[in-house]
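Everything on this sheet refers to the single structure shown next.
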Amino acid sequence: MPELPEVEVVRAGIERWVSGRTVAAVEVLHPRAVRRHLAGPDDFAARLAGQRLGVARRRGKYLWLPVEPAAGGVPERAVLAHLGMSGQLLVQPQGSPDEKHLRVRVRFADAAATELRFVDQRTFGGLSLHETVADDPDGLPDVIAHIARDPVDPAFDDDAFHAALRRRRTTIKRALLDQSLISGVGNIYADEALWRTRLHYDRPTATLTGPRTAELLTHIREVLNEALAAGGTSFDSLYVNVNGESGYFDRSLDAYGREDEPCRRCGTPIRRRPWMNRSSYFCPRCQRPPRATA
DNA sequence: AAAATCTCCTGTCAGC
DNA sequence: TGCTGACAGGAGATTT
């Protein structure tokens, strides 16, 4: 459920409360939470101890903390975090009761009486330590080099995105969820952006014109920025910022989760369709299905 | 080789 | 009351 706006809210909280601090000790309470760290939980904890963490960065739904190099220069390692479906990064007072699904605890070597906690009910998310892409000033972890830039990144290439859509033999919502084409968009904001653009989720990407792709990108950016301003979207208490608070963008959703409720443009009841082991919400009048799909 | 499908995981809720 | 199954769904792994 955390998509770009939710992860960005968390990133900002981590930057404020964690960046610049030095790790004292790491406690892994569930090995699955560090499974992407192939050398194992003990190695993860040992390599992190004593390291000073730099400014928190984000690409799409991934966020990371560069490990500050001892001798200056660009970072060579970074702590990568992905929230998966239900992951939370919380900054909590030391000694406050452990959360039920606490997976990793990071203590710091300073006087601030807070610690970083990774809490994850479904353990789809996790933490890991990686080498960075050579000479990357932000310390991009090598394992996410294949993740495309996200649409709020100034370096996102709109024309290249359109060319990629034309080249692909797939449908638009699949493409929006493909993080190697555009990152940060998940099921909720894909449905919202498609509704705003009046595009059906099964529209073949090869049929999109330049102006139509441009419109879609505009709406994607708008919905992401509006959600960010609202502190993110939350349907339950699973998505929270580092202080445990939920955003309120769910009140502003036009399509997602609104089955049988009237379309805010035309009044037609919003429909839900099973789609790729999840759901697609759309207005059957504003978002007409493509003519020639099988 | 690109595209589609499978799979991991735990909790909630509807229905009986 | 308690069981069952559907659903939530990101993204790497596997299959087509």
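Within every chain, numbering begins at 1; the chains are lettered A, B, ... in the order of the sequence lines, protein sequences first and strands thereafter. Keep in mind that the numbers below use all heavy atoms, side chains included, and drop hydrogens, waters and symmetry copies.
Between the CG atom of D120(A) and the P atom of dA11(C) there is a distance of 13 Å, rounded to whole Å. Put simply, CZ on R167(A) is 14 Å from C1' on dA1(B), counting in whole angstrom units. Summarising the geometry, the separation between CZ on R35(A) and P on dC8(B) is reported as 12 Å, rounded to the nearest angstrom. Atoms CD (E99(A)) and P (dG11(B)) sit 15 Å apart, rounded to a whole Å. The distance between atom CG of D150(A) and atom P of dG10(C), rounded to the nearest whole Å, is 15 Å. Distance, L177(A) CG to dA3(B) C1': 14 Å, rounded to whole Å. Distance R36(A) CZ to dG12(C) P: 5 Å, rounded to the nearest Å. Rounding to whole angstrom units, CZ of residue R273(A) and C1' of dA6(C) are separated by 17 Å.
Salt-bridge annotation for R47(A) and D43(A): present, with a side-chain N of the basic residue lying under 4.0 Å from a carboxylate O of the acidic one.
Listed nucleotides: dG10(C), dT10(B), dT7(B). Nearest to the side chain of N277(A): dT7(B). Comparing dG10(C), dA8(C), dG12(C) against the side chain of Y62(A) picks out dG12(C) as the nearest. Here the nucleotide nearest the side chain of Q179(A), chosen from dA11(C), dG10(C), dT5(B), is dA11(C). For R122(A), the listed nucleotide lying nearest its side chain is dT10(B); candidates were dT5(B), dG10(C), dT10(B).
Considering only side-chain N and O atoms, S86(A) lies nowhere under 4.0 angstrom from the phosphate OP1 or OP2 of dC9(B). Here Q121(A) does not reach the OP1 or OP2 of dG11(B): none of its side-chain N or O atoms lies under 4.0 Å away. Distances shorter than 4.0 Å separate some side-chain N or O of H101(A) from OP1 or OP2 on dG11(B). For Y256(A) and dA8(C), the shortest distance from a side-chain N or O to OP1 or OP2 is not below 4.0 Å. For the OP1/OP2 pair of dT5(B) and a distance below 4.0 Å, the side-chain nitrogens and oxygens of R174(A) include at least one atom meeting the criterion. For the pair K100(A) and dG11(B), the criterion of a side-chain N or O lying under 4.0 Å from OP1 or OP2 is met.
Across all strands, H146(A) comes closer than 4.0 Å only to sugar-phosphate atoms, never to a base (heavy-atom distances).
Connection of W195(A) to L217(A) is established within a shared hydrophobic cluster, with ILVMFWY side chains joined at heavy-atom distances below 4.5 Å, either directly or through further cluster members. Two different hydrophobic clusters hold L83(A) and Y62(A) under the rule that ILVMFWY side chains link at heavy-atom gaps under 4.5 Å.
Within 6.0 Å of atom CD in E215(A), more than 12 heavy atoms from other residues, nucleotides or ligands are found, so the atom counts as buried in its surroundings.
Here the options are D158(A), D150(A), D153(A), the test is salt bridge (charged side-chain N to carboxylate O under 4.0 Å, His left out), and the partner is R221(A); only D158(A) passes.
For R168(A) and dA3(B), a side-chain-to-base donor-acceptor distance below 3.5 Å is absent, hydrogens and geometry of angles not being considered. A donor N or O paired with an acceptor N or O is found under 3.5 Å between the base of dG10(C) and the side-chain atoms of R278(A).
Contact check for I220(A) versus I182(A): side-chain heavy atoms found under the 4.5 Å cut-off.
Each of T123(A) and T170(A) has a nearest nucleotide on DNA chain B; the 5'-most of these lies closest to T170(A).
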